[in-house]
There are 2 protein chains.
Amino acid sequence: MQGASSSREDYLKALYVLSTGAEGPVTTTALAEHLSMRPASASGMMKQLAEAGWVEHEAYRGASLTPSGERIALDVIRRHRLWEFFLVERLGFAWDQVHELAERLEHIEDAELINRLDDYLGCPDFDPHGDPIPRADGTVVDARPLQVASELRPGARAVIKGVVDSSDVFLRHLDALGIRLGIEFKVVERHEFDGSARVEGHGIWTLGVLENLLVVIQP
Amino acid sequence: MQGASSSREDYLKALYVLSTGAEGPVTTTALAEHLSMRPASASGMMKQLAEAGWVEHEAYRGASLTPSGERIALDVIRRHRLWEFFLVERLGFAWDQVHELAERLEHIEDAELINRLDDYLGCPDFDPHGDPIPRADGTVVDARPLQVASELRPGARAVIKGVVDSSDVFLRHLDALGIRLGIEFKVVERHEFDGSARVEGHGIWTLGVLENLLVVIQP
DNA sequence: TATTTAATTTAGCTTTGCCTAAAAATAGTT
DNA sequence: AACTATTTTTAGGCAAAGCTAAATTAAATA
């Protein structure tokens, strides 16, 4: 239930990430690729983790997490996402800069630290990428929250899921700009002076437009 | 000037700490003791660090930092103290709880992270123990600041260096309580409801007294 | 079904950083 | 100065985690 080395934690996390979505056990190769390592290394680590009781591993067939392994993975992910939240919301980092850093910070295992950090950040439910932050007890909410597009930072990609102002006039305006429900877009730049955004392939969207778009952030 | 492993950083930091105060090179045994390791290990590491150009090491004579080694040590110490400040001032940890944690955090080497953290904390000059925080350029202020005793947290030890109210009445009051310039004391407990403190061997000191004592925090 | 191809595991090597035990050098004592 | 005691270094091992290359197993094709 605890005491995994930094490296073991990485594998458990990768196993968790790769097994959500795909059905069945995770292949050695997929795991190795995900972690930028060689299959032989992943294979060796699976043996270790199986011995520790954190994964179920049938030779040549792939691996999957046991309940205790999943618990560790969720803990690591919780730490990762809380630190990402901190880095973006408090230190003002951009989205795409925080992953590597969080990858280092996540391996500091100290319940008190993480609980205090959680508190300090206001117990957020989602990280800046829109991914849910597992709770201390290991439960996870699996829904990405809607956000107002005006909150997007440069580099963010998002899918349009709804509008705040659904008046005809506004919807016609959106239509004229080529903005439709379901499209995905990427914010290239935000302009301090008027809040507008430069959107890849769409030119400039004004703050008025952004404030009325409900979006789901993409990973 | 950079790229030392976590372990090497520990040795460089220890070397820095042990060489300030004591004159001449640091002995292998002192180093090992400081890091809870065996002399043989310290000896081997000195060889490595000397090869890297971070320490000057004459066999059987002890080691001392080169300028580039000192630069790294100062960087590690800067990171350590900034994180300690964060843990105490923002997350509300008590003094004595933060050392080990900072010891882990200090090894995350990322200039942008540390500069942003520094900014976020208001570029503090001293950590919660009263030790100076080296600047990004490697300069260090070597004076402990005076603090008002009412700011002391439980567990803090401090030496009385002055008073705010130097009226006769007040000084006689202090005298009656056994409080004199230069004495060292330790705060055992603070009382929320009236701000008073229980002081080891001195009973209770009221907020009115504490607010008028200028102290230097002890390590 | 036999054979080829691809994936997985095993075997054996490397590095880092620690350890213990033995050897070497310094320091202290008579 | 010689001997002893202490400190420091060297030598040789061990564990973790990665790697390459070879062997094995499973999957795909003829």
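Residue numbers start from 1 in every chain, and the chains themselves are labelled A, B, ... in the order their sequence lines are given, proteins ahead of strands.
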Open item on the list: One thing to verify: whether Glu106(B) and Lys13(B) come together as a salt bridge, which I'm taking to mean a side-chain N less than 4.0 angstrom from a carboxylate O.
Closed with: yes
Task: Distance in angstrom units between Leu35(B) CG and dG17(C) P, rounded - done: 13 Å
For residues 111-118 of chain B, which side-chain donor-acceptor pairs fall under 3.5 Å, sequence neighbours excluded?
{"residue": "Glu112(B)", "atom": "OE2", "partner": "Arg116(B)", "partner atom": "NE", "Å": "2.9"}
{"residue": "Glu112(B)", "atom": "OE2", "partner": "Arg116(B)", "partner atom": "NH2", "Å": "3.0"}
{"residue": "Asn115(B)", "atom": "ND2", "partner": "Ala111(B)", "partner atom": "O", "Å": "3.3"}
{"residue": "Arg116(B)", "atom": "NH1", "partner": "Leu91(A)", "partner atom": "O", "Å": "2.9"}
{"residue": "Arg116(B)", "atom": "NH1", "partner": "Gly92(A)", "partner atom": "O", "Å": "3.0"}
{"residue": "Asp118(B)", "atom": "OD2", "partner": "Arg78(B)", "partner atom": "NH2", "Å": "3.4"}
{"residue": "Asp118(B)", "atom": "OD2", "partner": "Arg135(B)", "partner atom": "NH2", "Å": "3.4"}

Task: Integer-rounded Å distance: dT7(D) P and Leu31(B) CG - done: 15 Å
Task: Nearest-nucleotide pick for Lys47(B), side chain only, options being dT10(D), dT26(C), dT10(C) - done: dT10(D)
- [ ] Pick out which of Arg79(B), Arg71(B), Arg104(B) makes a salt bridge (Lys or Arg N to Asp or Glu O under 4.0 Å) with Glu9(B).
- [x] Arg79(B)
TODO: Check the distance between dC18(C)'s C1' and Asp10(B)'s CG and give it to me in whole angstrom.
DONE: 13 Å
TODO: Could you run through nucleotides 12-23 of chain D and give me one letter per nucleotide, 5' to 3': B if any protein heavy atom sits under 4.0 Å from the base, S if only the sugar-phosphate is that close, - if neither?
DONE: -----SSBBB--
- [ ] May I have all residue pairs that pass salt bridge (Lys or Arg N to Asp or Glu O under 4.0 Å) and include part of residues 33-61 of chain A, sequence neighbours excluded?
- [x] none
Task: Rounded distance (Å) that lies between atom P of dA7(C) and atom NE2 of His57(A) - done: 16 Å
Open item on the list: Both Ala30(B) and Arg61(A) contact DNA chain D. Taking the nearest nucleotide for each, which residue is further toward the 5' end?
Closed with: Ala30(B)
Open item on the list: dT7(D), OP1 or OP2 - any side-chain N/O from Thr27(B) closer than 4.0 Å?
Closed with: no
Task: Quiz item: cation-pi between Arg90(B) and Phe85(B), 6.0 Å / 45° - done: no
Open item on the list: If we ignore hydrogens and angles and just use 3.5 Å, is the side chain of Thr28(B) paired with the main-chain N or O of Ser43(B) as donor and acceptor?
Closed with: no
